[in-house]
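It should be emphasised that the depicted structure is a prediction, and the values quoted were computed from it without experimental measurement. In this chain, numbering begins with 1 at the start of the sequence shown.
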Amino acid sequence: MTLIYLLGLVLVAAGAYVVGRQKGVTFAMAGGASRMHSLPSYHGAYLAVSAIAPMLLWFILWLVLAHRVVEWAGMSALPADLAPADGLAYASRLREILLVADGVQTNEVAPGVRAAGETYALWRGLSEWALLIVGLGLALIGFAWGARQLEPQFRARNGVERFVKVLLIACSAVAVLTTVGIVFSVLFETLRFFAKYPWYDFLFGLQWSPQTAIRADQVGASGTFGAVPLFAGTTLIMLIAMSVAGPIGLFSAIYMAEYASPRVRGVVKPVLEVLAGVPTVVFGFFAALTVAPFIRSTGEALGLNVASESALAAGLVMGVMIIPFVSSLSDDVINAVPQSLRDGSYGMGATKSETIKKVVLPAALPGIVSAFMLAISRAVGETMIVVMAAGLAGNLTFNPLEAVTTVTVQIKTLLVGDQEFDSAKTLSAFALGFVLFFFTLVLNFIALRIVQRYREQYD
């Protein structure tokens, strides 16, 4: 029904636009185009907006409230002896009702649950028909109201532009509110974790052992949540990756933008961007089966003690993976520098290399820094390569030849499998995510300050 509703919305918009535009053409033919404030196309767009705006608002309201009303109706139909006592029982009972409503399970449930499922299915069908009927009714009302507004001097263009502006503001608000919702959802779970485990031990502890004891006599489950080894491993692998991706990506971007011919650029740029489409698990296999054994054999030949899973192997492969992020974005930013800056530098007698160093790169600095920050964020958030090439050991070390782990790997490990959601072990994943978010926020703030300070010298 949702698909039918959206299809009807498109058809209503198209029909209203045709009618409104034809009405605008009639106004122009009758009284002259010079008397009209807006073009006929704006008359059509205004009538289309008048018809679909209430349909969109009703659809959003239906998405928010319909499933709650239907769920309430289904649960209210349960007998008192089958009513859930807690949240876990509520979820289990609702799952049974949904199975009955979908026709999947009807014979192996209690009669009360079967009746509740039938009620749920009835209300769900009523809500879908209400969506369609009320939406079309609102569209007709909006169409009639918009048609009455149209006249030769009507400011249809202003109305359409106001609608577009409101739509853009709403989209921006959704993006902002989504970010705020993510932050607060993680923050609340983080506060629950800190109620079970001291925050200073988490932030400054030097031992990471998240296994908690189930029995009093259990051994090897200390439940220590010192996060310093995780952030040290994340930083180490990120630095190794950026030491590979930063120079290679930036220099390749400079070559493609300033030195390469169009033919060479047309070949090199797509080849570099192919790396961005390779799945991370493939890079992980490459790191585990090729790079890590090569580093270990080379280190042993030099008399070094190299772990079978090392930060160096993960960092090198991760650096290769994020080269396109630095290269492609930096190339686009360098190409966006006005040619007049280059011509002015050449007119002053500067060479090509001097122009690149003194004019082009400073002018493109904000975009280059953004490319580096995107690459850093990609490196910090990578999981699969670290799991397959660097291991899961929370070692506090800055030796790239030893096994380390990262924050994202531990978050994945803590949330995989059947876990007790209220335990400190599971809640620690949210604390790690919140601190990682704050860490990336600080990095972005530092990068922004560097760009602002550098810009002042070139304003």
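- Listed for the T298 side chain is no donor-acceptor partner under 3.5 Å among the backbone atoms of I295.
- Environment of CZ in F438: sparse, with no more than 12 heavy atoms of neighbouring residues, nucleotides or ligands closer than 6.0 Å.
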Could you go through F430 and F193, starting from their C-alpha distance and side-chain angles, then the distance that decides it, and tell me whether this counts as ring pair (Phe, Tyr, Trp, His ring centres under 6.0 Å)? CA-CA 8 Å; F430 295 94; F193 170 71; 9.9 Å; no
Table please: side-chain donor-acceptor pairs of residues 39-54 below 3.5 Å, with sequence neighbours left out.
{"from": "S50", "atom 1": "OG", "to": "Y46", "atom 2": "O", "distance (Å)": "2.9"}

Show which side-chain atoms of residues 142-150 pair as donor or acceptor with protein atoms under 3.5 Å away, not counting sequence neighbours.
none

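- In this structure, Y5 and F59 have parallel ring planes: the angle between them is below the 30° cut-off, well short of the 60° mark.
- Ion pairing between a basic and an acidic side chain is recognised when a charged N comes within 4.0 Å of a carboxylate O; E71 and R68 show no such pairing.
- Every residue two or more places apart in sequence or in another chain was checked for a salt bridge (charged side-chain N to carboxylate O under 4.0 Å, His left out) with D201, and none qualifies.
- A donor-acceptor pair is defined here as one N or O able to donate and one able to accept, closer than 3.5 Å; no such pair exists between the side chain of K412 and the backbone of M384.
- Residues passing the side-chain hydrogen bond (donor to acceptor under 3.5 Å, both in side chains) test with R378, sequence neighbours excluded: E382.
- Checked by atom type and distance alone, the side chain of W58 pairs as donor or acceptor with a backbone atom of L131 at under 3.5 Å.
- With sequence neighbours left out, E300 forms a salt bridge (charged side-chain N to carboxylate O under 4.0 Å, His left out) with R296.
- Applying the side-chain contact (heavy atoms from CB on, under 4.5 Å) criterion to A257, with sequence neighbours excluded, gives D331, I334, N335.
- Of all heavy-atom pairs between T405 and V409, the closest is OG1-CG1, 3.5 Å.
- Residue Y346 places its OH atom among more than 12 non-hydrogen atoms of other residues, nucleotides or ligands, all under 6.0 Å distant.
- In this structure, T440 contributes its side chain and L436 its backbone to a donor-acceptor pair below 3.5 Å.
- Within 6.0 Å of CZ on F163 lie more than 12 heavy atoms contributed by other residues, nucleotides or ligands.
- We find the OG1-CG distance between T234 and L239 to be 10.5 Å, quoted to the nearest 0.5 Å.
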